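FYI, side chains are in, hydrogens and waters are out, and symmetry mates aren't considered; it's all heavy atoms of this structure. Quick note: residue numbers are just sequence positions, from 1. Just so it is clear, the structure is predicted and the values come from calculations on it, not from any experiment.
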Amino acid sequence: MKRGVVCRATRTWLLAGAVCLPAGAWADSHNLSYPVVLPEGAGLSLRAGLTAPRLEGHWWYGWTQGDTPVVCAPSTCTPPPGVDVWRVYPQDQGGHWQAGVLNGTPGAIVGASEVDWSDALENTTWSTASAIRVETTLYTPLAEPLPAYEMLHLHGQGAREMQGVVASDTDPAIPSLSETGDATVVTPCARLTIQKLEPSDSASRPREERFQWNAATGEWNGAAYTLVNSAVWEKGDQGRARGLSSVVDVRGKALFRYDWELWRAVLPSHVSAAGWYRLTFSLDGSAAGGKRCGGYALNTSIAEADVEVGEKYPAVVDVVWNLSYVDIYVRQKD
């Protein structure tokens, strides 16, 4: 389930005119617009010393035409007379704002209500030439609401998407602030493991009983080869180089991301690049004798979380080991 805090995020938007955004607009240094809980008090790099939002740079017009909202750049359009006009400041324009952040209490477990693997991962059959953005988002309900900023889609999709914060058409502009009873969860204890389950490229799904979770190594025994085994804490808040990272995406949500370039994968000669892979999201510190979470004590649990069932590859939550995984098939490039 893809959650949002504002009604505009669920509407279909009409773009009046097109604007080309610079290539640097899609970096991961985005403003936090949706609240986040940090059960261990760490795991995400946020701007320090931000006491009040500051909007600056180029902005877009927004208004409603009948039942259809319209957004456009001032260089391409003029709002019609008599409409209620607002502004949208894109994430890449240098403005600063930050939604609510809640640090956990040592020993108080924060239970995620949902583990959300990206729709593209669960519903696409990839090839050995693919580059996959692996994203995992944890959600939890809040005892008390936290502030959130209203965001709006402006341009593009996927890695070239741009969104912005809705604000008043005034100088200075005032961002649209609300409250929400949900938040995402970020923990430095998060680990991503990617394994090729069998040496062959067979399209038949491997038998589940062949694989057993090894908490000491953070991977499944019985798999043919491990390509990725990376935790956020291992190289600070941003994760090890080319490993799992905690980021704030263009929507302003905090989540976990790994850019998996299948075409770069180097496997043993007896292991085919095509076939079934297992992607596992686990939490270090979950089991006695298992991997420790660096210098952190784990306060996060996904054992009781729900998962969205993908059309092709349904995700699973393992209650015993406090982890979630999804198996996907990768076909040979034509």
Side-chain angles (χ1 to χ4, degrees), residues 2 20-21 23-28 115-137 155-162 190-211 213 217-231 238-245 247 249-251 255-282 307-316 323-334:
K2 296 295 183 289
C20 293
L21 299 178
W26 299 278
D28 289 331
V115 179
D116 186 4
W117 293 87
S118 60
D119 282 349
L121 183 66
E122 293 180 305
N123 297 308
T124 304
T125 295
W126 305 91
S127 81
T128 53
S130 295
I132 304 176
R133 175 167 284 187
V134 180
E135 293 183 335
T136 312
T137 311
H155 179 276
Q157 59 183 349
R160 301 191 68 80
E161 179 184 10
M162 178 51 59
R191 176 175 297 275
L192 177 69
T193 309
I194 301 179
Q195 296 176 274
K196 181 73 191 307
L197 291 180
E198 294 182 325
S200 75
D201 61 358
S202 172
S204 299
R205 188 183 290 270
R207 297 194 308 274
E208 181 68 32
E209 61 270 16
R210 291 180 51 193
F211 310 105
W213 179 249
T217 60
E219 59 187 12
W220 296 90
N221 291 339
Y225 187 72
T226 299
L227 292 84
V228 176
N229 192 332
S230 169
Q238 295 304 307
R240 94 173 31 159
R242 297 191 61 81
L244 182 66
S245 298
V247 302
D249 72 0
V250 71
R251 301 169 300 169
L255 48 79
F256 302 95
R257 175 181 295 163
Y258 174 75
D259 293 319
W260 181 21
E261 298 172 325
L262 278 80
W263 55 277
R264 288 182 180 270
V266 178
L267 288 82
S269 58
H270 70 284
V271 178
S272 171
W276 284 91
Y277 288 80
R278 174 165 293 181
L279 288 73
T280 305
F281 181 90
S282 60
V307 287
E308 184 176 349
V309 178
E311 294 180 7
K312 286 181 175 292
Y313 311 117
V316 175
L323 59 80
S324 176
Y325 64 88
V326 58
D327 295 347
I328 68 170
Y329 182 76
V330 174
R331 63 177 177 82
Q332 185 64 45
K333 179 187 175 183
D334 295 332

Excluding sequence neighbours, so at least two apart, what forms ring pair (Phe, Tyr, Trp, His ring centres under 6.0 Å) with Y225?
none
Sub-3.5 Å donor-acceptor pair from the side chain of N221 to the main-chain atoms of W213, do we have one?
no
Answer yes or no: is there a donor N or O on one side and an acceptor on the other, between the side chain of S230 and the main chain of L244, under 3.5 Å?
yes
For the side chain of T124 and the backbone of L121, is there at least one donor-acceptor N/O pair under 3.5 Å apart?
no
Can you tell me how far the OG atom of S130 sits from the CZ atom of R331, to the nearest 0.5 Å?
7.0 Å
Side chain to side chain donor-acceptor pair (under 3.5 Å) partners for W126, two or more places apart:
none
Evaluate the side-chain proximity of Y258 to V228: yes if any heavy-atom separation is below 4.5 Å, no if none is.
yes
Output, in order, the C-alpha distance, side-chain angles, deciding distance and verdict of side chain to side chain contact (heavy atoms under 4.5 Å, CB included) for K312 and E122.
CA-CA 6 Å; K312 286 181 175 292; E122 293 180 305; over 6 Å; no
Please report the shortest heavy-atom distance between A223 and F211, naming the atom on each side.
N-CD2, 3.8 Å
With sequence neighbours excluded, what pairs up with E208 under the side chain to side chain donor-acceptor pair (under 3.5 Å) test?
R278, Y325
Which of these passes side-chain contact (heavy atoms from CB on, under 4.5 Å) with S202: P199, S204, P206?
S204
Rounded to the nearest 0.5 Å, what's the gap from CG on L197 to CZ on R207? Could you check?
12.5 Å
Given the rule in the side chain to side chain contact (heavy atoms under 4.5 Å, CB included) test, do D249 and R257 qualify, once you have shown the distances and angles that lead to the verdict?
CA-CA 9 Å; D249 72 0; R257 175 181 295 163; 3.6 Å; yes
In the structure I gave you, are the side-chain heavy atoms of V247 and L255 within less than 4.5 Å of one another anywhere?
yes
Going by the rule ring pair (Phe, Tyr, Trp, His ring centres under 6.0 Å), which residues pair with W276 if we only count those two or more places apart in sequence or in a different chain?
Y313, Y329
Determine yes or no for a side-chain-to-main-chain donor-acceptor pair under 3.5 angstrom, with T128 supplying the side chain and K333 the backbone.
yes
Output all residues satisfying side chain to side chain donor-acceptor pair (under 3.5 Å) with S324, sequence neighbours left out; order by chain, then residue number.
W117
Minimum heavy-atom distance L262-S127, with the two atoms named
CD2-O, 3.5 Å
Any side-chain heavy-atom pair from V326 and V316 closer than 4.5 angstrom?
no
Can you tell me which residue pairs pass the salt bridge (Lys or Arg N to Asp or Glu O under 4.0 Å) test with a partner in residues 263-277, sequence neighbours excluded?
E261-R264
Using side-chain heavy atoms (C-beta onward) and a distance below 4.5 Å, is L279 in contact with W260?
yes
Check: Y277 and D327 side chains under 4.5 Å, non-hydrogen atoms:
no
Are any non-hydrogen side-chain atoms of Q195 and E219 less than 4.5 angstrom apart?
yes
Can you confirm whether I194 sits close enough to T226 that some side-chain heavy atom of one is under 4.5 Å from a side-chain heavy atom of the other?
no
Under the rule for side chain to side chain donor-acceptor pair (under 3.5 Å), what residues qualify as partners of T280, not counting sequence neighbours?
W220
List in chain and number order the residues that pass salt bridge (charged side-chain N to carboxylate O under 4.0 Å, His left out) with R210, two or more places apart in sequence or in another chain; answer none if no residue qualifies.
E198
Contacts of S272 meeting side chain to side chain contact (heavy atoms under 4.5 Å, CB included) (sequence neighbours excluded), chain-then-number -> K196, D201, A274
Please determine which of T217, L323, N229, L227 meets the side-chain contact (heavy atoms from CB on, under 4.5 Å) test together with T193.
N229
